Amino acid sequence: MGNSKSGALSKEILEELQLNTKFTEEELSTWYQSFLKECPSGRITRQEFQTIYSKFFPEADPKAYAQHVFRSFDANSDGTLDFKEYVIALHMTSAGKTNQKLEWAFSLYDVDGNGTISKNEVLEIVTAIFKMISPEDAKRLPEDENTPEKRAEKIWGFFGKKDDDKLTEKDFIEGTLANKEILRLIQFEPQKVKEKLKEKKP
């Protein structure tokens with residue numbers, strides 16, 4: 001009894017995560033060990049999450065985006081992420097099905113959590129994304145999406161909404177599935193993050 005169990009994931013959580021994600025038992029156990037090293041309390045605070053996120057983007061400022069990502073993953077809104085929330089977050093953003101990713105993206109863009117997205121909320125997230133784009137990459141962006149305002153305008157235009165309209169989750173998911181351009185504009189998946197996630201796998 002006692003300490004021998006403390007470094008291992010409970011069977012229930014392990015089974016639940018294997019059911020809901022594509023990760024293997026070995027991967028989950030390895031991640032759990034490194035998670036406990038980083039966060040001995042077994043929970044990540046918003047601040048710790050920002051620090052971990054910042055390591056992915058040494059030459060950018062991901063603070064604002066990390067806060068939004070944290071909010072969208074904090075399923076029970078208690079201000080911390082436990083290992084389960086953390087792994088489901090990793091899965092959703094890296095290996096999740098398109099629909100799952102879009103459900104997550106909707107919760108990311110629904111800044112005030114009221115179940116709809118406004119044009120201002122789109123601008124807020126896009127502005128946070130822009131802080132993570134390196135100056136060289138920013139130079140390569142097309143003219144009609146090279147500022148947060150232009151990109152938000154373009155996204156909103158694709159949904160065919162007026163400035164003061166709201167987007168429901170259904171509108172958001174259907175619109176994005178119907179138009180690959182929207183998908184490209186709303187997400188930020190730099191190569192670095194993908195490589196970092198691959199490195200973490202045992």
Side-chain angles (χ1 to χ4, degrees), residues 16-23 27 53 56-57 62 64-77 81 84-133 137-138 140-198 201:
E16 190 183 338
L17 287 173
Q18 282 179 277
L19 261 179
N20 290 308
T21 71
K22 291 187 176 141
F23 304 130
E27 284 174 327
Y53 220 85
F56 287 139
F57 306 101
Y65 190 70
Q67 279 186 2
H68 288 298
V69 172
F70 183 90
R71 170 186 49 75
S72 68
F73 289 150
D74 182 8
N76 59 1
S77 305
L81 296 185
K84 197 168 92 178
E85 288 171 323
Y86 179 69
V87 168
I88 286 175
L90 270 181
H91 169 73
M92 292 273 274
T93 53
S94 63
K97 296 185 179 78
T98 306
N99 258 42
Q100 284 181 315
K101 280 187 177 180
L102 291 179
E103 282 169 17
W104 169 69
F106 180 83
S107 69
L108 178 71
Y109 276 83
D110 181 12
V111 176
D112 62 9
N114 71 350
T116 60
I117 297 175
S118 69
K119 190 176 179 184
N120 277 343
E121 287 174 317
V122 170
L123 179 59
E124 187 171 337
I125 301 296
V126 171
T127 303
I129 289 174
F130 263 74
K131 287 183 180 162
M132 298 196 300
I133 299 176
D137 288 346
R140 290 193 216 108
L141 290 171
E143 179 61 35
D144 64 346
E145 56 185 74
N146 62 5
T147 69
E149 292 73 16
K150 286 181 188 173
R151 183 176 282 206
E153 196 65 53
K154 193 170 179 179
I155 292 168
W156 207 244
F158 277 133
F159 284 113
K161 295 288 184 186
K162 297 190 190 78
D163 280 5
D164 53 358
D165 281 346
K166 298 271 192 269
L167 269 178
T168 63
E169 185 175 44
K170 187 171 178 283
D171 293 340
F172 179 81
I173 291 174
E174 285 176 359
T176 310
L177 287 174
N179 189 332
K180 288 284 180 278
E181 274 294 280
I182 297 178
L183 193 57
R184 180 181 66 77
L185 291 166
I186 61 167
Q187 59 188 357
F188 181 69
E189 282 192 2
Q191 210 42 48
K192 274 202 187 98
V193 175
K194 290 185 171 167
E195 284 159 15
K196 278 273 193 306
L197 286 171
K198 284 201 183 98
K201 293 187 179 176

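If you're wondering where the values come from, they're calculated on a predicted model, not measured in any experiment.
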Main-chain N/O of Phe172 paired to Tyr109 side chain as donor or acceptor, under 3.5 Å: no
Crowding at NZ, Lys84 (>12 non-hydrogen neighbours, <6.0 Å): no
Flag, side chain of Lys119 to backbone of Ala152, donor-acceptor distance under 3.5 Å: no
Atom pair CD1/CG of Ile88 and Leu17 - distance to nearest 0.5 Å: 5.5 Å
Derivation and outcome, side chain to side chain contact (heavy atoms under 4.5 Å, CB included), residues Leu102 and Leu183: CA-CA 9 Å; Leu102 291 179; Leu183 193 57; 3.6 Å; yes
Derivation of the side chain to side chain contact (heavy atoms under 4.5 Å, CB included) call for Ile117 and Phe159: CA-CA 12 Å; Ile117 297 175; Phe159 284 113; over 6 Å; no
Electrostatic pair Asp137-Arg140, nearest N-O below 4.0 angstrom: yes
CH2-CG distance between Trp156 and Leu167, expressed to the nearest 0.5 angstrom: 4.0 Å
Closest approach of Gly115 to Asp110 (non-hydrogen atoms, all atoms of both residues): N-OD2, 2.8 Å
Spacing of Ile182 atom CD1 and Ile173 atom CD1 [to the nearest 0.5 Å]: 12.0 Å
Donor-acceptor under 3.5 Å (Glu121 side chain, Ser118 main chain): yes
Lys180 versus Leu177, closest heavy-atom pair with distance: NZ-O, 4.0 Å
Heavy-atom closest contact (Leu81 atom, Phe70 atom, distance): CG-CE1, 3.5 Å
Reported CZ-to-CZ distance for the pair Arg184 and Arg151, which is rounded to 0.5 angstrom: 6.5 Å
Minimum side-chain heavy-atom gap Leu141-Lys150 below 4.5 Å: no
Gap separating the CD1 atom of Ile129 from the CG atom of Leu108, nearest 0.5 angstrom: 7.0 Å
Heavy-atom closest contact (Ile186 atom, Ala105 atom, distance): CD1-CB, 4.2 Å
Chi angles and distances behind the side chain to side chain contact (heavy atoms under 4.5 Å, CB included) call for Asn76, Glu85: CA-CA 9 Å; Asn76 59 1; Glu85 288 171 323; 3.3 Å; yes
Which atom of Ala128 lies closest to which atom of His68, heavy atoms considered: CB-CD2, 4.2 Å
Smallest separation among heavy atoms of Ile125 and Tyr65, with atom names: CG2-CE1, 4.4 Å
Phe106 backbone acceptor or donor facing Glu169 side chain under 3.5 Å: no
